[in-house]
Amino acid sequence: MSSTAVFSAILTLLAGIGIFLIACQMMSSNLEAVSSRRLKNLFAKASKSKLLGVGIGTVGTAAIQSSGATTVMVIGFVNAGIISLVQAATIIYGANIGTTVTAQIVALGMFGGGSGLSTTIIFSAFAGVGAFMSLFSKEAVWKSVGGILTGFGMLFVGLSMMSGSMSDFAALDGVKTFLASIRSSILLVLIGAVFTAIIQSSSVMTSIAITMVVAGLVRLDQGIYLTMGSNIGSCVVALIAGLSSSKNAKRTALIHLIFNCSGVVIFMIIGWLLVLLSGGNLSFGSLFETMFPGAPQTQLAMFHTIFNVLTVVIILPLTGLLVNMVCKIVKDSDKDAEEENGLKLYFIDKHMLKTPPVAVEQTKAEIVNMADIAMANFNRSLDIITTMDYSNVAVFRKNEEELDFLNHALTDFVVKLSKCKGLSDSDSTYLTTTFRTVRDLERIGDYAENIIEYTDHLQSTNEHFSDMALKEIDYMRQLVNRMYRNVIAAYRDGDAFSLGKAYKIEEDIDEFTKQMEENHIRRLAEGLCTSTVGAQYLQLSTNVERVADHLLNVGKTIKLLKGDENRKVR
């Protein structure tokens, strides 16, 4: 073969790898967009049992076709304190099983050929079908489905190019001789790990190994050890994600590395024992050739699956010991305890930016959490002014500081999230509404602060509200809290019926605010309260009404998402 042909084969291999990587990314991003809420709900159930955690990791990774994305997502959830280290470990175990689905798909796509119609050509045609769907569909869901099909088809286009280049290399005696000379299983594992770390995709490394085995460039045993090395190399993404995160995130990345390395070490020992005890007659390669005769692609793909499943079976009972070990390696410090008790985001983490659709769902959860804090402070301020008891002021101040932090931190996160690729039109529209929502919630905290100031004025003059005024304030509080429950139901679930109930309650609040003013004037005329107390009372009623207005703004987000006209709110 001429040097030009060799150069052409190298370029074809690079092109195939590039198309394969883009296809994986396209499938992953579109699958995330379609299944983001389901994925979030899946992870929320991981606490029920270790086996369930493994199942969730397997299904989640098989769904989005990226163990790296799953692992980074898990690190984000651990960093945000949503799941524990044990839960994270079991999901990571499952992710290793889920990622073997790609190898099985690749193996399936390599059947046929010759004079017949190969599965590669059939599956490649999905790229065209998906492209037409993405171009001509108006619904975001169907565009995402089109993107999934396009990615799936491109996967086999890339595979075909890689397979073709391997066939070219197989015609070179020098290349075959060189590869045949690499007999060290440790060296093969290292080559697989390094190459995977460079391209950051174990799926690509495994697929290349399959095409090399099918083309006869390497023996099955060599392909097996290259695949085992890809499991170690796949940890690089998690390690990078964990380096700049919390202690628990670092521990999660370390769990991933130890788990994958343990599996490789266990199977390398088993492989050496097979060769030693059989006098060189048995190896992983010979076993799988016997189990799946005449199908080298299936032989390697099945080893990949069995290797990961058995590793999980071996390590799963030792999860507690593994978690304890990484906690001793990455120790806590007094500084970490202070940071743990400090200001933080509860449901989102920067690593979730790797999976934008899931990050959108978690952003909504963070905003609902901010709303709960704001309303807790609002109720606390009413408790203080009606009882003149300042014992909870320190808690109030801490929550107000937290609201200010969440205001800025959420805004910064949403700005970054809005720039991410892979967001659906509805997700992008939702993110534009969050800036107003966060500002509305922060304003509720400000009105609560105003109420505390009114309490200070009353205390300075040694005065308080009359019993009738206290009853009116309590009734107004009940209205606002009832409205809040409906607003949150509308915001969280897109419940238009709850939003309608919130509108009705807001009208009741407006009417009762006028009634409060009239009652105050009557009490003032009857000498039942002073002008100083009355001034604080009127300001309080106005502030409570404005809290209701800002709450309604939050609920009206769902009208914006449906394209309705947003009614102006004071």
Side-chain angles (χ1 to χ4, degrees), residues 370-403 440-488 501-555 569-570:
M370 183 181 180
D372 287 340
I373 295 172
M375 281 303 294
N377 247 22
F378 167 71
N379 282 299
R380 194 169 284 114
S381 70
L382 291 181
D383 287 337
I384 292 171
I385 198 168
T386 54
T387 63
M388 300 301 291
D389 180 0
Y390 277 79
S391 59
N392 282 327
V393 165
V395 177
F396 177 91
R397 298 295 181 200
K398 185 175 183 299
N399 280 6
E400 176 56 30
E401 183 183 359
E402 188 169 19
L403 286 172
D440 281 319
L441 295 175
E442 198 268 339
R443 290 294 294 141
I444 291 173
D446 291 342
Y447 285 123
E449 275 198 297
N450 290 346
I451 293 171
I452 295 297
E453 291 177 7
Y454 306 149
T455 310
D456 294 339
H457 283 297
L458 290 173
Q459 187 189 47
S460 66
T461 57
N462 199 27
E463 294 179 289
H464 57 79
F465 294 134
S466 65
D467 290 342
M468 184 59 68
L470 290 174
K471 288 180 181 178
E472 291 169 356
I473 293 170
D474 184 62
Y475 180 68
M476 180 72 111
R477 183 214 292 248
Q478 291 178 40
L479 286 175
V480 173
N481 279 286
R482 199 162 80 234
M483 180 184 179
Y484 174 67
R485 289 191 291 271
N486 283 283
V487 162
I488 288 301
K501 291 170 68 175
Y503 269 114
K504 178 64 175 66
I505 296 170
E506 196 261 347
E507 291 173 0
D508 293 341
I509 289 171
D510 288 345
E511 288 299 319
F512 192 70
T513 302
K514 294 175 184 176
Q515 185 65 45
M516 288 175 74
E517 184 177 349
E518 292 172 2
N519 291 345
H520 158 67
I521 293 172
R522 189 181 67 252
R523 285 193 295 272
L524 195 62
E526 294 173 357
L528 297 176
C529 71
T530 66
S531 58
T532 302
V533 172
Q536 308 308 320
Y537 179 78
L538 289 177
Q539 290 183 86
L540 181 146
S541 65
T542 301
N543 276 248
V544 173
E545 183 192 17
R546 287 174 179 167
V547 165
D549 291 338
H550 285 287
L551 283 176
L552 193 60
N553 278 346
V554 174
V569 176
R570 289 182 295 274

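No side-chain heavy atom of M483 sits less than 4.5 Å from a side-chain heavy atom of D508. The shortest distance between side-chain heavy atoms of D549 and N553 does not fall below 4.5 Å. Between I384 and Y454, the closest side-chain pair of non-hydrogen atoms is not below 4.5 Å. Side-chain contact between I505 and I509: present, with at least one pair of heavy atoms (C-beta onward) separated by less than 4.5 Å. Side-chain contact between M516 and Y537 is present, with at least one heavy-atom pair separated by less than 4.5 Å. With a 4.5 Å cut-off on side-chain heavy atoms, T455 and M388 count as touching. No side-chain heavy atom of N450 sits less than 4.5 Å from a side-chain heavy atom of Q539. Residues D446 and E400 form a side-chain contact, since some pair of their non-hydrogen atoms from C-beta on lies under 4.5 Å apart.
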Step-by-step side chain to side chain contact (heavy atoms under 4.5 Å, CB included) determination, V480 to E545 = CA-CA 8 Å; V480 173; E545 183 192 17; over 6 Å; no

message = Between L540 and V544, is the side chain to side chain contact (heavy atoms under 4.5 Å, CB included) condition met? List the steps.
response = CA-CA 6 Å; L540 181 146; V544 173; 4.0 Å; yes

ask   = Where do K471 and D467 land on the salt bridge (Lys or Arg N to Asp or Glu O under 4.0 Å) test, with the steps shown first?
value = CA-CA 6 Å; K471 288 180 181 178; D467 290 342; over 6 Å; no

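Summarising the geometry of S541 relative to T513, their closest heavy-atom pair is O-CG2, 4.1 Å, with the distance given to 0.1 Å. Contact record, V487 with G555: CG1-N, 3.7 Å, taken as the closest heavy-atom pair. Heavy-atom minimum distance, A448 versus N377: CB-O, 3.9 Å.
A donor and an acceptor atom, one from each side chain of Y484 and D372, are located under 3.5 Å apart. Side-chain polar atoms of N519 and R522 form a donor-acceptor pair below 3.5 angstrom.
In the displayed structure, E463 atom CD is contacted under 6.0 Å by more than 12 heavy atoms of other residues, nucleotides or ligands. For M468, the CE atom counts as loosely surrounded, since its 6.0 Å shell holds 12 or fewer non-hydrogen atoms of other residues, nucleotides or ligands.
Once rounded to the nearest 0.5 Å, the distance linking CD of E472 with CD of Q515 reads 7.5 Å. Distance CG/L470 to OG1/T386: 6.5 Å, rounded to 0.5 Å. Distance check: R477 CZ to L382 CG gives 5.0 Å after rounding to the nearest 0.5 Å. Taken from CD in E511 to CD in E507, the straight-line distance is 8.5 Å, to the nearest 0.5 Å. Summarising the geometry, atom CD1 belonging to I373 is positioned 13.0 Å from atom CE belonging to M375; distances are rounded to the nearest 0.5 Å. Considering CZ of R485 and CG of L551, their distance stands at 12.0 Å, rounded to 0.5 Å.
The only option from H457, E453, H464 that meets the side chain to side chain contact (heavy atoms under 4.5 Å, CB included) definition with Q536 turns out to be H457.
Between the side chain of N486 and the main chain of R482, a donor-acceptor pair closer than 3.5 Å is present.
Between D510 and K514, none of the side-chain N atoms (NZ, or NE/NH1/NH2) sits under 4.0 Å from a carboxylate O, so this pair counts as no salt bridge. Salt-bridge check for R380 with D383: failed, with every basic side-chain N at 4.0 Å or more from each acidic carboxylate O.
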